[in-house]
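Below, read A as the first sequence line, B as the second, and so on, with proteins coming before strands; counting in each chain starts at 1.
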Amino acid sequence: MSDQPAQIPEKPALEGLEAKWNDRWQQQGTFRFDREAAKARGVYSIDTPPPTASGSLHIGHVFSYTHTDVIARYQRAAGREVFYPMGWDDNGLPTERRVQNYYGVRCDPTLPYTPDFVPPFEGGDGKSSKAADQVPISRRNFIELCERLTEEDEQQFEHLWRTVGLSVDWSQTYRTISDESITASQRAFLRNLARGEAYQADAPTLWDVTFRTAVAQAELEDRERDGAYHALAFHGPDADVVIETTRPELLPACVALVAHPDDERYQHLFGTTVRTPLFDVEVPVLAHRLAQPDKGSGIAMICTFGDVTDVIWWRELHLPNRTIIGQDGRVLDRETDWISTPAGRTEYDALVGKTVFSAQKGVVDRLRETGELLGDPKPIKHPVKFFEKGDRPLEIVSTRQWYITNGAQNDELRSTLKARGAELSWHPDFMHVRYDNWVDGLNGDWLVSRQRYFGVPIPVWYPIDANGETDFDHPILPAEADLPVDPSSQAPAGFDESQRGQAGGFVGEVDVLDTWATSSLTPQLAGAWERDNELWDLVAPFDLRPQAQDIIRTWLFSTLLRSELEDHRLPWAHTTISGFIVDPDRKKMSKSKGNVVTPLGLLEQYSSDAVRYWAAAYKLGTDAAFDPQNPKQIKVGRRLAIKILNAAKFVLSFGERPEQAQVTDALDASLLATLADVVAQATRAFDAYDHARALEVIESFFWTFCDDYIEVVKERAYGAAGKAGRDSALLTLHTALDVLLRLFAPFIVFATEEVYSWTHSESVHRQPWPTEAEVTADVAHPAEASVFAAISDALITFRRAKTEAKVKMRTPIVSAVLHGAPERIERVELALDDLRSVAKAERIELAADGTEFAVSDVVFGDLD
RNA sequence: GGGCCUAUAGCUCAGUUGGUUAGAGCACCUCGUUUACACCGAGGGGGUCGGGGGUUCGAGUCCCUCUGGGCCCA
C-alpha cells in the first residue's frame, strides 16, 4: 500500500501544514474538476453559496462552509467526480455601501465620467464618512471602484478559504457581476419576459427612502418602534367620527374610513361619507374584514399608503390613489384635485417638502389649533416594517417597477413550487416547513427592479413617441446574442446614441435587477448555462445546495423558482441547512450586535484542522454556541489532530507493513472487525448527510485504538511473541492506520495529508473511501468485534486495580484472578497473552463467575 | 397571534424505529514523565433527562399542557 519508504519528521507538528499542503494541492490540481472522469464515474455537483465579497467572513461562514467541504470530500472519496466551484456575490447594495465608506464617494448618475479618477481616501472605516462629505462621482467611476474593491476582497476571501482547507476547484470561480453572469441573468430575464413571467406594473411599492430603492417582501423585517395613537375627529352629517392613527401626517392622503363589517358601532355609517379634519375632503365610510375592532377606536383611516394593509384596502375597495410621499420620503409638491377648498390646499402647501417626521408635527400642531385632535397622543410600541439593510422605516410609494411571477397570484404555480419543495431532500428535514410557510405567505409577485448602480442592468429600452412621451408598454429588447447590454450607455439595435431621450428615439432602463435575481441563478452561473452545454448537462441539476436557514425565503426559494420557470425541474436533489453561531449568551452572531468573531486568528492559533473539527462536530441545522475566549471544542480538535500525527508516527515506527502476511491473531482480527463496523456506520451516516455522527464514530474508535489496542499490542509488535504474532500485529496496525487516515481525511484534512505523505506520493484526498471488505481482507480467521471490546474492558479493570492499590502502571503482577461473565471471559481467553503483556502480569487466572469484570488475589511484583 | 426548533452532568453536545444500570469531551479530584504524544496518559466523583399530566409491561424517546430560550411569519 505504501509506495515509498517512510519519511517521518522527528517531531511532527500542525504548524505550517496549511500553507504547505495548499501549495501542493494547487500545483497538483488535486481538487480540479475532471470532465472526462465526470463522464465516466458520475458527478457530485455543489451549488456553493457565493459569499458577499464586500462583507467580512466570520466564524459562522467557516462553520457552514466546513460542513459542505466535509460532504464534498466524502463524495469525492466515494468515487464521484466533485464539481465544487466558488462564487463571489459582489453585485448589489452591500458593495455600494462599502465602496462609499471605503473611498469616501457616492454615485451621482448625472455626472460625466472622470478618467483616472483618484478617490479621496482608501480604507475608510465608514464611521467618519458622512454622506455629505462623500465626493459625488459618475456611475461609471463608481462601478469601477466597486470592481476594484471586490476584486481585492475576493483575494482575501480566497486566502481564508484555502486556509480553512476547502477542496474547492479554484479554476471554477465565478462572480455575480462578471460579463458571463450579467449575460446569464439578462438572458434568464428576457426568457421570463418572453413567457409572460416578467412584467411591469405601476403600483404601490415598499420603498427605502435612505437608499431610494424599491425592496421586495423577502427583504422586509419588522422592528418594534415607538409610535402614538392620535385621535382625530372626522365630521359626519350628524356627529363627529373619531379615528385613531399612528400616522396623522398622511391625513391629506386619506381616501376612506374603514371598520369591520360586523362592528355594531359603525353599521349606521357604512355607505355614508364624512369630511376629513383640516383638509375638508369628503371620504366614504366602508366595511372590510381586515379592520380590527379591538384596535384603537375600531375604525381606521385608509391612506395611500401608510402600510401594507392600506394597499390591500386600496386594491380591494377600488379606492383612488392620492400618494403624497415622494421617493425622497418628503411630502410631494403635486396637484391635489381631491382637496377642493383653498383652505385645505393652503394646509397642504404648508407640508410640501417636509419629511414624514416634520409633516407629522405640522399636521398635529394644526389639528390642535383647530381642535380636531382629541386629547394627547397615546404612546404605543408597534411593529414597523424596515428594509433589512436600512435604518429608516419603509414608505410605500407608487412607482413603475418590474416583477417576476412567483406564485403569489397564481395558485397553479404556487402549488407546483410547493410540490418541488416536497421533492427536495432537506437536511435536516424540518427545514422544509420553513419553505412551505414562506410560499404560503407570499402576498405579491417578486419585485426585481432596484434603483441602484452596481448591479445587472435590466436589459430593456423604451421608445419615445413623436410627442416625447415614453412608451413603457412596448419595451425594446436586445437579442440574446447581443448580451450583455447596458441600456444606460448602449443604444438598442436600429437606434443611434444621439436618439437617446429624443422624441422618436428611445430611453434606456436605468434600474438594475435585485441581486437575488442574479444569485437565484447560481447553478446557471457556475454550470456555464448556455455557454458550455456539455458542462451544464453534466452538473445540472446539481446534487447539493448548502445554505443558511435565514435565506430559505430568498436564495433557496428564488433559485427553485427560476429553475421551475426555465426548466420545470428542481435545481438540486439535496439541500443542507447549517445552523448559525450564537455567542455564549445564545445571541445570534451578527455585525450589529458586535459579537462577530473573525476566523483567521483562530485558524492560526489552533490550526485549521482544529477549527474544522469544531465545525464538523455539529449536526446540520443545529445552532452552535461559541465562546471565542475559551473555544473548548477547537482545543479538542487540535489535540485530535496532534494525536493523529503522533499515533501515526508511532505505528510506522514498529516497522514496515509485512509482505504476504496474514492477520492470524484473534485480537487483531477483532480490532479489524470493529473497524469494519466503524466504516459501515460512518458510511451510513455520511450517506444520510450526518457528518457529525460519522465523525463521532470514527473519533471514538480512534481513541480506543490509541489507548487500548496500540498499548495492548505494543510488545507483540516489537516481536515479543514471534514472527507470526508480529506480522499479524504490524499488518493490523498498518491497515488500521491507513483506513483511519481515509476516514478522518474529510475532517482533519491537513494532518491526515501530512501523515499520508510520509509513506505515499499521492494525496490521501484522492484515495477511495474505505470499505468493510477491504478492512478485513487480510484476516485469516475472522473474530468477533467483542474480543477487542472484552480485552479493552479487562485492561481498564487491571488499570483500576493498580490505581486503587496505588502502584504504578508498569508495576508487574505476579498473579491475579480475572472474574467476569462467562461469555466475556471466553473472549478474553482468545487474547490472554496480549492482556498479560500490557498488564505486565505473569499469570492471569480466568474465572467465569461474575457479571462485571473484576480482579482479585492480586500479587504485585517489584518494579525493576 | 400562527408555525418551527430547542431544554439531558458545572459547560458544550450525543442518545439511531420506546427496551438492561442515560453517554462523550471539557472542567473538577487523585495518581503517573514506562522508548508516539505533558499540546500526554491512567483512574474517579458528578445527571429525579425544564415542570406537570397521560399512553405503555416499560418513556430522555410517543401524546397533552405549562414555563424558559431561539428563529421565521403575521
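Between A/Arg553 and B/C72 there is no side-chain polar atom (N or O) within less than 4.0 angstrom of OP1 or OP2. In this model, the phosphate group of B/A24 is not approached by any side-chain N or O of A/Lys632 to a distance below 4.0 Å at OP1 or OP2. Contact between the side-chain N/O atoms of A/Tyr435 and the OP1/OP2 oxygens of B/C73 is not found at any separation under 4.0 Å. Dashed line: the shortest gap from a side-chain N or O of A/Arg639 to OP1 or OP2 of B/C26 is under 4.0 Å. Dashed line: the shortest gap from a side-chain N or O of A/Lys619 to OP1 or OP2 of B/A14 is under 4.0 Å. At B/G44, one or more side-chain N or O atoms of A/Arg800 fall inside 4.0 Å of OP1 or OP2 (strictly under the cut-off). The shortest distance between the side-chain N/O atoms of A/Lys802 and the OP1/OP2 oxygens of B/G41 is not below 4.0 Å.
B/G1 is paired with B/C73 under the Watson-Crick or G-U wobble criterion, all donor-acceptor distances under 3.5 Å. A 3.5 Å limit on both hydrogen-bonding distances identifies B/C29 as the Watson-Crick or G-U partner of B/G43.
Atoms CZ (A/Phe798) and P (B/U34) sit 22 Å apart, rounded to a whole Å. Distance NE2 (A/His432) to P (B/C72): 19 Å, rounded to an integer number of Å. Counting to the nearest Å, the C1' atom of B/C13 and the CZ atom of A/Phe63 are 12 Å from each other. For A/Arg799 and B/G44, the CZ to C1' distance is 15 Å, given to the nearest whole Å. To the nearest angstrom, C1' of B/U34 lies 17 Å from CG of A/Asp862. To the nearest angstrom, C1' of B/G10 lies 15 Å from CG of A/Asp627. Between the CD atom of A/Glu804 and the P atom of B/C29 there is a distance of 20 Å, given to the nearest Å. Spacing between atom CZ of A/Arg693 and atom P of B/G15 amounts to 7 Å, rounded to whole angstrom units.
Nucleic acid contact class of A/Asp690 (heavy atoms, under 4.0 Å, all strands): none. A/Ile796 comes within 4.0 angstrom of the backbone, heavy atoms only, and of no base. Residue A/Lys385 is out of contact with every strand shown, counting any heavy-atom pair closer than 4.0 Å. Looking at heavy-atom distances under 4.0 Å, A/Gln681 makes no contact with the nucleic acid at all. If you check every strand for non-hydrogen atoms under 4.0 Å, A/Trp614 touches nothing. Base contact: A/Ala647 has a heavy atom under 4.0 Å from a base atom. Among the atoms of the strands shown, only primed sugar atoms or phosphate atoms (P, OP1, OP2) are found under 4.0 Å from some heavy atom of A/Asp623. A/Tyr618 comes within 4.0 angstrom of sugar-phosphate atoms only, judged by non-hydrogen atoms across all strands, and of no base.
Ring geometry, A/Phe701 versus A/Phe788: the interplanar angle falls from 30° to 60°, so the pair is classed tilted. The aromatic rings of A/Phe626 and A/Trp614 lie tilted to each other, with the angle between the two planes from 30° to 60°.
When the P atom is used for both B/A9 and B/G23, the distance is 14 Å, rounded to whole Å. Comparing B/C26 with B/C73, their C1' atoms sit 38 Å apart, to the nearest whole Å. Rounded to whole Å, the P atom of B/G41 lies 13 Å from the corresponding atom of B/A36. Distance check on atom C1': B/U8 versus B/U48 gives 12 Å, rounded to whole Å. As rounded to the nearest Å, B/U61 and B/U55 have P atoms that lie 15 Å from one another. Rounded to the nearest Å, the gap between the C1' atom of B/C62 and that of B/U56 is 10 Å. Across B/U17 and B/C63, the matching P atoms stand 13 Å from one another, rounded to whole Å. Remark: the separation of the C1' atoms in B/G53 and B/A14 is 28 Å, to the nearest Å.
A donor-acceptor contact closer than 3.5 angstrom links the side chains of A/Arg545 and A/Thr559. Using a 3.5 Å distance cut-off with no hydrogens or angles, the side chains of A/Trp446 and A/Asp514 do pair a donor with an acceptor. Side-chain contact annotation: A/Thr66 with A/Arg612, donor-acceptor N/O pair under 3.5 Å absent.
Residues A/Glu754 and A/Lys20 are paired through a salt bridge, judged by an N-O separation under 4.0 Å between the basic side chain and the carboxylate. With respect to A/Arg742 and A/Glu753, no salt bridge is recorded, no charged nitrogen being found less than 4.0 Å from a carboxylate O.
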(request) Apply salt bridge (charged side-chain N to carboxylate O under 4.0 Å, His left out) to the pair A/Arg827 and A/Glu784, showing each step before the final yes or no. (result) CA-CA 9 Å; A/Arg827 306 284 191 283; A/Glu784 289 175 29; 3.3 Å; yes

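Distances from the side chain of A/Asp707 to the nucleotides B/G41, B/C4, B/C39 place B/G41 closest. When the nucleotides B/A38, B/C26, B/A36 are ranked by their closest atom to the side chain of A/Cys706, B/A36 comes out on top. Of all nucleotides listed (B/G43, B/U34, B/C26), B/U34 comes nearest to the side chain of A/Lys840. Closest to the side chain of A/Phe430, from the set B/C5, B/G41, B/C39, is B/C5. In this structure, of B/C73, B/A14, B/A36, it is B/A14 that holds the atom nearest to the side chain of A/Thr622. Comparing B/U34, B/C71, B/C4 by their closest approach to the side chain of A/Val433 singles out B/C4. If you check B/U33, B/C37, B/A14 against the side chain of A/Glu696, the one that comes closest is B/A14.
Counting distance only, with no hydrogens placed and no angle test, the side-chain atoms of A/Glu711 and the base atoms of B/A36 include a donor-acceptor pair under 3.5 Å. Taking only distance into account, the side chain of A/Lys643 meets the base of B/C37 through a donor-acceptor pair shorter than 3.5 Å.
Side-chain contact between A/Leu417 and A/Tyr435: present, with at least one pair of heavy atoms (C-beta onward) separated by less than 4.5 Å.
Looking at which nucleotide of RNA chain B each of A/Lys806 and A/Glu852 is closest to, the 5′-most match is held by A/Glu852. Map A/Ala617 and A/Leu220 each onto its nearest nucleotide of RNA chain B; the residue landing nearer the 5' end is A/Ala617.
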